[in-house]
2 protein chains.
Amino acid sequence: MIIEVDFSGDIPIYSQVRDQIVIGIASGQLRPGDALPSVRRLAADIGINVHTVNKAYAILRDEGFIIMDRRSGAEIAAMKKEDGPFIEQLKGRLCPYVAEAMCRQMSLEEFQESVASIYHSLKM
Amino acid sequence: MIIEVDFSGDIPIYSQVRDQIVIGIASGQLRPGDALPSVRRLAADIGINVHTVNKAYAILRDEGFIIMDRRSGAEIAAMKKEDGPFIEQLKGRLCPYVAEAMCRQMSLEEFQESVASIYHSLKM
DNA sequence: TTATATGTTATACATGATATAGAACAAATA
DNA sequence: TATTTGTTCTATATCATGTATAACATATAA
């Protein structure tokens, strides 16, 4: 799996790395049990600092996406089904986007269609 | 309209102010033509610096949500219907959230239901 | 005129986030 | 023994964020 980073954007590098790995898991490119490149390896491949990759990995670990072992490295975790608190947290983060879409006269159906478009582009 | 800010959170204050005004417009609490409080007034009400409010207002102006006049103050703008580029930009920002939901075994329908929940909570 | 209020701009400062760099540690493997 | 793993530590540089103070041009009201 190839990870690319936009250095000129306003999204932190560690956040971009985190997002792309999550997208990789969602799309099936990364499956539970798969080994991730070591922090040094990935840092060298992308051309960034080891600490930046380590921060992304630590976040993914705290979020339950990966399992890290000091000796064997990092691998994709098997995740449980989402619970109530996650959905509430998700709603809170989505709210500003839904609100902006409503201001721009986007219907609920149009918004949901965009979500479906993302969903299917990841699923295949 | 009351604007409250979380100082301990990880979301910048100017971003929180921006989001809450957008939510106010989406919910109909703020309508096109309505006057916004002056930057000094709102800053005093919330208990933050004038420049922080000014930054939020400047962003809202750049995004087309409000119209600012050096003499008459700021007011809510009448917005056109969203265009193609906006939807593409929106998809890019939503993608990580959809991906995370998929990793947590959330179905498309469940995600869309959350969006609908937000939509209706703003609409009423 | 005078006073007040508006957005706007400028400078300065403090703090935290971000990213880099180099080094070292404990544990496991080849 | 040598290498690799995640992890931790110190250090530095840069940018974002937030505050503080001041001033400006413009408009309105007393």
Side-chain angles (χ1 to χ4, degrees), chain A residues 1 3-22 30 32-77 93 96, chain B residues 1 3-22 30 32-77 93 96:
Chain A
M1 204 195 118
I3 293 181
E4 291 182 350
V5 166
D6 176 18
F7 292 94
S8 62
D10 54 345
I11 302 176
I13 300 176
Y14 73 88
S15 191
Q16 294 184 46
V17 173
R18 178 267 178 198
D19 286 347
Q20 291 194 36
I21 291 178
V22 171
L30 297 173
D34 284 357
L36 282 176
S38 72
V39 289
R40 293 176 177 82
R41 177 81 223 168
L42 185 54
D45 286 348
I46 304 178
I48 61 179
N49 193 275
V50 182
H51 296 81
T52 306
V53 176
N54 193 265
K55 185 170 185 175
Y57 276 22
I59 291 174
L60 288 164
R61 165 173 48 76
D62 294 343
E63 293 177 328
F65 289 106
I66 67 177
I67 299 171
M68 301 184 77
D69 192 312
R70 175 169 291 181
R71 42 201 187 282
S72 59
E75 72 174 42
I76 308 298
R93 291 187 291 180
Chain B
M1 205 196 116
I3 294 182
E4 290 182 351
V5 166
D6 176 18
F7 293 93
S8 62
D10 54 345
I11 302 177
I13 299 175
Y14 73 87
S15 191
Q16 294 184 47
V17 173
R18 178 266 179 199
D19 286 347
Q20 292 195 36
I21 291 178
V22 171
L30 297 173
D34 284 356
L36 282 177
S38 72
V39 290
R40 292 176 176 82
R41 176 81 224 168
L42 185 55
D45 287 348
I46 304 179
I48 60 178
N49 194 275
V50 183
H51 294 81
T52 306
V53 176
N54 193 265
K55 185 169 185 176
Y57 276 21
I59 292 175
L60 288 165
R61 165 172 47 76
D62 295 343
E63 293 177 328
F65 289 106
I66 68 176
I67 299 170
M68 301 184 75
D69 191 312
R70 175 169 292 180
R71 42 200 187 285
S72 59
E75 71 174 42
I76 307 298
R93 291 186 292 179

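Reminder, nothing fancy here: chain letters follow the sequence lines and each chain counts from 1. All values below come from the heavy atoms of this structure, side chains included, with hydrogens, waters and symmetry mates left out.
Between the P atom of C/dT18 and the CD1 atom of A/I48 lies a distance of 14 Å, rounded to the nearest Å. When rounded to the nearest whole Å, the span between CG of B/L42 and C1' of C/dT6 equals 14 Å. Between the CZ atom of B/R41 and the C1' atom of C/dT4 there is a distance of 14 Å, given to the nearest Å. Between the CD1 atom of B/I11 and the C1' atom of C/dG16 there is a distance of 17 Å, given to the nearest Å. In this structure, A/Y57 places its OH atom 16 Å from P of C/dA19, rounding to the nearest Å. In this structure, B/I13 atom CD1 and D/dA16 atom P are separated by 17 Å, rounded to whole Å. As a whole-Å value, the separation of B/I59 CD1 from D/dA16 P is 12 Å. Rounded to an integer number of Å, the gap from B/D69 CG to C/dA5 P is 18 Å.
Neither OP1 nor OP2 of D/dG18 sits under 4.0 Å from any side-chain N or O of B/K55. For B/S38, a side-chain nitrogen or oxygen approaches OP1 or OP2 of C/dT6 to under 4.0 Å.
With values rounded to the nearest 0.5 angstrom, B/F65 atom CZ is found 10.5 Å from B/I21 atom CD1. In this structure, A/Y14 OH and A/D19 CG are separated by 10.0 Å, a value rounded to the nearest 0.5 Å. In this structure, CG on B/N54 lies 5.5 Å from CE on B/M68, to the nearest 0.5 angstrom.
Around atom CZ of A/R41, no more than 12 heavy atoms belonging to other residues, nucleotides or ligands sit under 6.0 Å away.
Between A/Y14 and A/H51, the one whose closest nucleotide on DNA chain C sits nearer the 5' end is A/Y14.
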In 5'-to-3' order, the base (B), backbone-only (S) or no-contact (-) status of each nucleotide in nucleotides 23-30 of chain D, using a 4.0 angstrom heavy-atom cut-off, is B-BSS---
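Between A/L30 and A/M1, the closest heavy-atom pair is CD1-SD, 3.6 Å.
Residues A/L42 and A/I48 have side chains not in contact (no heavy-atom distance under 4.5 Å, counting atoms from C-beta outward). Looking only at side-chain heavy atoms (C-beta outward), A/I13 and A/N49 stay at 4.5 Å or farther from each other.
Taking only side-chain atoms of A/F7, from C-beta outward, the nucleotide of D/dT19, D/dT7, C/dT20 with the closest atom is C/dT20.
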